[in-house]
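Below is one structure; the comments refer to it alone.
Chain A is the first sequence line, chain B the second, and so forth, proteins listed ahead of strands; every chain is numbered from 1.
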Amino acid sequence: MEVQRLRILQLHSNFIEIEAVEKEIALAEETDKKKDRLEELAVLFTSVEEGDNTNVARKAMENTKASLDKLKVNRILIYPYAHLSNTLAKPADALKLIKEMEKVAKDLGFETYRTPFGWNKKFSISIKGHPLAEQFRIVTGDEAEEEPVSEALKAEEKLKSFWHILQTDGKLVPVEEFDFKGHKNLEKLAKYEIEKVRAVQQVPPHVKLMRRLEIADYEPGSDPGNLRWYPKGRLIKSLLEQYVTKQVIEYGGMEVETPVMYDIQHPSIAHYLERFPARQYLLKSDKRDFFLRFSACFGQFLMVHDAQFSYRQLPLRIYELTRYAFRREKSGELTGLRRLRGFTMPDCHALVADLDQAKEEFLVRFKLSKEILEKGLELNKDEDFELAIRFTKDFYEENKDFILSLVKLFNKPVLVEMWEERFFYFVLKWEFNFVDNLDKASALSTDQIDIENAQRYEMTYVDEKGEKQYPLVLHCSPSGGIERGVYALLEKAHRDSKRGKAPILPLWLSPTQVRIIPVAERFLEDAEKLMKEIEGHQIRVDLDDRSITLGKKVREAEREWVNYILVIGEKELSSDVLPVRDRKAGKKIRKMKLQELITEIKGKAGDKPFKPLTLPKLLSKRPQFAF
RNA sequence: GCCUCGGUGGCUCAGCCCGGUAGAGCGGCAGCCUUGUAAGCUGUUGGUCGCGGGAUCAAAUCCCGCCCGAGGCUCCA
């Protein structure tokens with residue numbers, strides 16, 4: 001015999017807003033609270049069926065307790081909801097059981113709320129994106145069995161990953177069988193991705209450095225993960241931003257700017273939000289709810305949606321330096337410049353006609369990204385970063401040669417994650433991962449082939465026959481987050497110092513490239529003349545005019561990682577040879593003519609962007625921001 | 001969210017276990033020194049000891065509660 005069952009739809013929610021509109025039945029409860037808003041809770045939409053008894057109600061709450069303990073949720077809202085059943089209990093019985101559930105919930109220690117029974121209500125709800133956020137439970141009288149029919153659980157199945165190393169000869173080796181000799185960082189990346197290795201408890205080196213070098217710092221007056229940038233840090237960050245933008249424009253990116261906030265109700269966006277589990281910053285303006293963007297996708301897609309273009313204009317490349325993108329990561333996940341809630345991300349999309357064009361474009365962007373890391377950040381692929389490629393099994397079977405061509409471009413074995421089925425909106429994705437001093441891996445550059453969003457945003461082009469077609473969309477951040485770039489530079493510098501090398505920033509990013517130190521006050525005037533001359537060549541130079549000892553000035557210049565130090569005194573004024581203390585050359589003092597030094601610096605800086613020093617050039621006029 | 005650690009002058013930290021009127025170094029400021037490649041000397045300024053409560057004659061120190069931060073875990077398109 002068919003047993004009647006109590007039905008609960010359990011939704012782990014950011015918030016719910018309820019408004020009781022009008023009474024629907026005579027039995028409706030009185031309520032003094034017509035409107036309510038609750039946050040961070042599980043909402044239990046509950047239908048009581050014919051034949052349910054208090055025993056069922058009790059078991060339902062016990063099951064709920066077991067489920068919610070796993071999610072660490074202790075606040076619940078019991079919401080009588082008739083629409084889950086077509087064999088509803090009589091209102092009087094239902095109300096009785098609802099009240100019983102409420103009582104049991106309180107006994108179990110839940111912070112329990114309930115909406116009034118018998119009302120026509122309206123509500124807005126924001127559901128968390130994680131896999132267990134939505135669950136449907138049916139509780140029977142005798143066994144109280146649980147049948148989780150969660151969509152998300154099915155999704156977890158799809159997500160089953162297989163980890164391999166793909167070698168340059170095309171051989172796909174399971175990770176556990178691969179010999180990592182000579183590939184230590186790749187091993188660390190694999191371990192980090194698969195096992196999530198434990199690190200020693202210590203402050204990451206770059207966090208100390210970012211403060212000591214007056215680059216960036218935590219801002220107690222803001223939300224965690226939103227940093228302040230001191231003049232030197234702003235200079236470095238700004239140069240990186242300019243450089244990446246310049247490279248992307250050369251590649252053909254059309255630079256645009258789009259809003260930082262979007263209406264949560266916008267139909268295309270709402271779907272996209274479901275697919276992106278990161279938590280958002282929400283904000284209210286009048287009666288509408290907005291979220292702060294977590295990438296530049298929306299803005300660019302909405303713009304492209306309204307644009308008119310044909311196959312002749314493909315690939316269509318659109319770019320924004322997203323300042324900022326916001327992701328409300330959990331507080332415990334934030335780390336210095338590695339993981340932030342507000343960050344700067346170059347985001348470049350390319351719309352392409354078909355898979356062949358996608359592949360072609362993908363290779364171009366792969367090379368662009370690699371060049372930005374190698375030439376811009378001066379990272380070395382052989383010791384600083386590793387490639388990971390992720391794809392579905394089907395895509396791999398059909399595109400082996402293409403995937404291998406990426407590996408060959410990288411010319412090193414790469415980490416591969418393969419999925420049985422597609423769950424995300426992309427079929428292929430790669431990232432360059434930096435491995436830091438604590439053996440943590442972080443993605444820098446990335447690109448992916450998206451096969452869903454053209455439809456979702458109704459982005460179409462006109463083909464040769466004059467018919468509308470959906471393009472494929474490539475999503476690329478050619479450098480990764482700019483903050484993460486700075487993180488990588490600092491971690492790399494720290495690694496150098498552990499190996500006995502002087503830590504240093506790439507010359508073109510160094511706030512002070514040349515420091516002039518006069519031996520005594522009477523040489524100040526000549527030192528300033530020298531400074532003006534060097535400055536005229538677009539070189540960042542400053543002057544330590546403080547009345548402290550020479551030794552101390554040299555020490556402080558070295559602690560600031562100044563690239564070249566010039567000490568000026570009697571000897572220098574009577575000859576045209578300068579004693580150049582070169583940090584990169586092991587702090588050796590090199591005898592050079594001024595013109596030789598200028599030529600060397602200009603040569604090393606190459607065609608990178610230049611900005612003048614944004615601090616007083618006299619050290620005596622400079623405030624201290626940190627340490 | 002969970003676990004761990006922490007919150008004492010601008011910064012880094014000691015003092016707390018074992019209660020008795022707040023310490024050091026760095027920095028800042030004033031002065032001396034005028035310097036030849038990683039810390040010159042002297043003096044001086046600066047602190048509701050995160051917040052609230054409790055027990056005590058007496059709390060930075062003991063007890064309870066809370067807030068904030070960091071790291072780790074979890075999570076991660």
Please give, in whole Å, the distance from B/rA38 P to A/K588 NZ?
-> 13 Å

Which nucleotide in B/rG27, B/rU37, B/rU35 has an atom nearest any side-chain atom of A/V519 | B/rU35

When you check the phosphate oxygens OP1 and OP2 of B/rC11, does a side-chain N or O of A/R212 lie under 4.0 Å from one of them?
-> no

Atom CD1 of A/I568 and atom C1' of B/rU34 are separated, to the nearest Å, by 16 Å

Could a donor-acceptor pair under 3.5 angstrom be found where the side chain of A/R327 meets the base of B/rA77?
-> no

If you look at every strand shown and take non-hydrogen atoms under 4.0 Å, does A/K553 touch a base, only sugar-phosphate, or nothing?
-> nothing

Looking only at atom C1', what distance separates B/rU56 and B/rC64, rounded to whole Å?
-> 16 Å

For nucleotides B/rG28 and B/rG9, find the distance between their C1' atoms and express it as a whole number of Å.
-> 11 Å

Classify the nucleic acid contact of A/R339 as base, sugar-phosphate or nothing, counting any heavy atom under 4.0 Å across all strands shown.
-> base

Is A/E572 touching bases, backbone alone, or none of the nucleic acid, heavy atoms closer than 4.0 Å?
-> base

Rounded distance in Å between the P positions of B/rA60 and B/rC67 = 23 Å

Look at the side chain of A/V207 and decide which nucleotide, out of B/rA77, B/rU37, B/rG71, has an atom nearest to it.
-> B/rG71

How far, in whole Å, is B/rC5 from B/rU45 if one measures between their P atoms?
-> 38 Å

To the nearest Å, how far apart are A/I516 CD1 and B/rU35 P?
-> 20 Å

Euclidean distance for C1', B/rC26 against B/rC73 (whole angstrom) | 36 Å

Please measure how far the P atom in B/rA30 lies from the corresponding atom in B/rG46, and state the result in whole Å.
-> 15 Å

Does any nucleotide pair with B/rA30 by Watson-Crick or G-U wobble geometry, both distances under 3.5 Å, and what is it?
-> B/rU42

When the ring planes of A/F432 and A/F410 are compared, do they come out parallel, tilted or perpendicular, using 30° and 60° as the limits?
-> parallel

Give a yes/no on whether any side-chain N or O of A/Q624 is located under 4.0 angstrom from OP1 or OP2 of B/rG10.
-> no

Side chains of A/L474 and A/H349: closer than 4.5 Å at any heavy-atom pair?
-> no

A/R328 has an atom CZ; how far is it from atom C1' of B/rC76, in whole Å?
-> 15 Å

Taking OP1 and OP2 of B/rG71, is either one under 4.0 Å from a side-chain nitrogen or oxygen of A/K208?
-> no

Using a heavy-atom cut-off of under 4.0 Å over every strand shown, decide if A/E570 touches base, sugar-phosphate, or nothing.
-> base

Side-chain N or O of A/T549 closer than 4.0 Å to phosphate OP1/OP2 of B/rG40 | yes

Within the 6.0 Å centroid threshold, strictly below: A/H266 and A/F291 | no

May I ask you to say what A/P224 touches in the nucleic acid, namely base, sugar-phosphate or nothing, with a heavy-atom cut-off under 4.0 Å?
-> sugar-phosphate

Exercise: do A/Y470 and A/N453 side chains pair donor with acceptor under 3.5 Å | no

Are the aromatic ring centres of A/Y425 and A/H475 under 6.0 angstrom apart?
-> yes

Within the structure shown, what part of the strands sits under 4.0 Å from A/L334 by heavy-atom distance: base, sugar-phosphate, or nothing?
-> sugar-phosphate

Using Watson-Crick geometry (N1-N3 plus N6-O4 or O6-N4) or G-U wobble (N1-O2, O6-N3), each under 3.5 Å, B/rC66 is paired with B/rG50

Between A/K498 and A/N437: side-chain donor-acceptor atoms closer than 3.5 Å = yes

Out of B/rA38, B/rU34, B/rU37, which nucleotide sits closest to the side chain of A/V567?
-> B/rU37

Whole-Å distance separating the CZ atom of A/F294 from the C1' atom of B/rC76 = 13 Å

Whole-Å gap separating C1' (B/rA77) and CG (A/L444) = 15 Å

Comparing A/I589 with A/Q448, nearest RNA chain B nucleotide closer to 5' gives the residue A/I589

Assign each of A/L550 and A/K429 to its nearest nucleotide of RNA chain B by heavy atoms, then name whichever residue's nucleotide is nearer the 5' end.
-> A/L550

Rounding to the closest angstrom, what is the interatomic distance between B/rC57 and B/rU12 at atom P?
-> 39 Å

Mind calculating the distance between CD (A/E214) and P (B/rC11) to the nearest angstrom?
-> 13 Å

Aromatic ring pairing A/W430/A/F366, orientation class (parallel under 30°, perpendicular over 60°, tilted between) | perpendicular

Select one nucleotide: of B/rG36, B/rA38, B/rU34, the one nearest the side-chain heavy atoms of A/A520.
-> B/rU34

G-U wobble or Watson-Crick pairing nucleotide for B/rC2 (cut-off 3.5 Å, both distances) | B/rG72

Using atom P of each nucleotide, how far apart are B/rU21 and B/rC49 to the nearest Å?
-> 15 Å

Checking all strands, does A/G569 fall into the base, sugar-phosphate, or nothing category for heavy-atom contacts under 4.0 angstrom?
-> base

Any donor-acceptor pair under 3.5 Å between the side chain of A/Y218 and the base of B/rA70?
-> no

Starting at CZ of A/R590 and ending at C1' of B/rU37, how long is that distance when rounded to a whole Å?
-> 16 Å

Taking only the side-chain nitrogens and oxygens of A/K552, find out if one of them lies under 4.0 Å from OP1 or OP2 of B/rG36.
-> no

Please state whether the phosphate of B/rC32, meaning OP1 or OP2, lies under 4.0 angstrom from any side-chain nitrogen or oxygen of A/S547.
-> no

Contact check, side chains of A/L166 and A/I403, non-hydrogen atoms, under 4.5 Å = yes

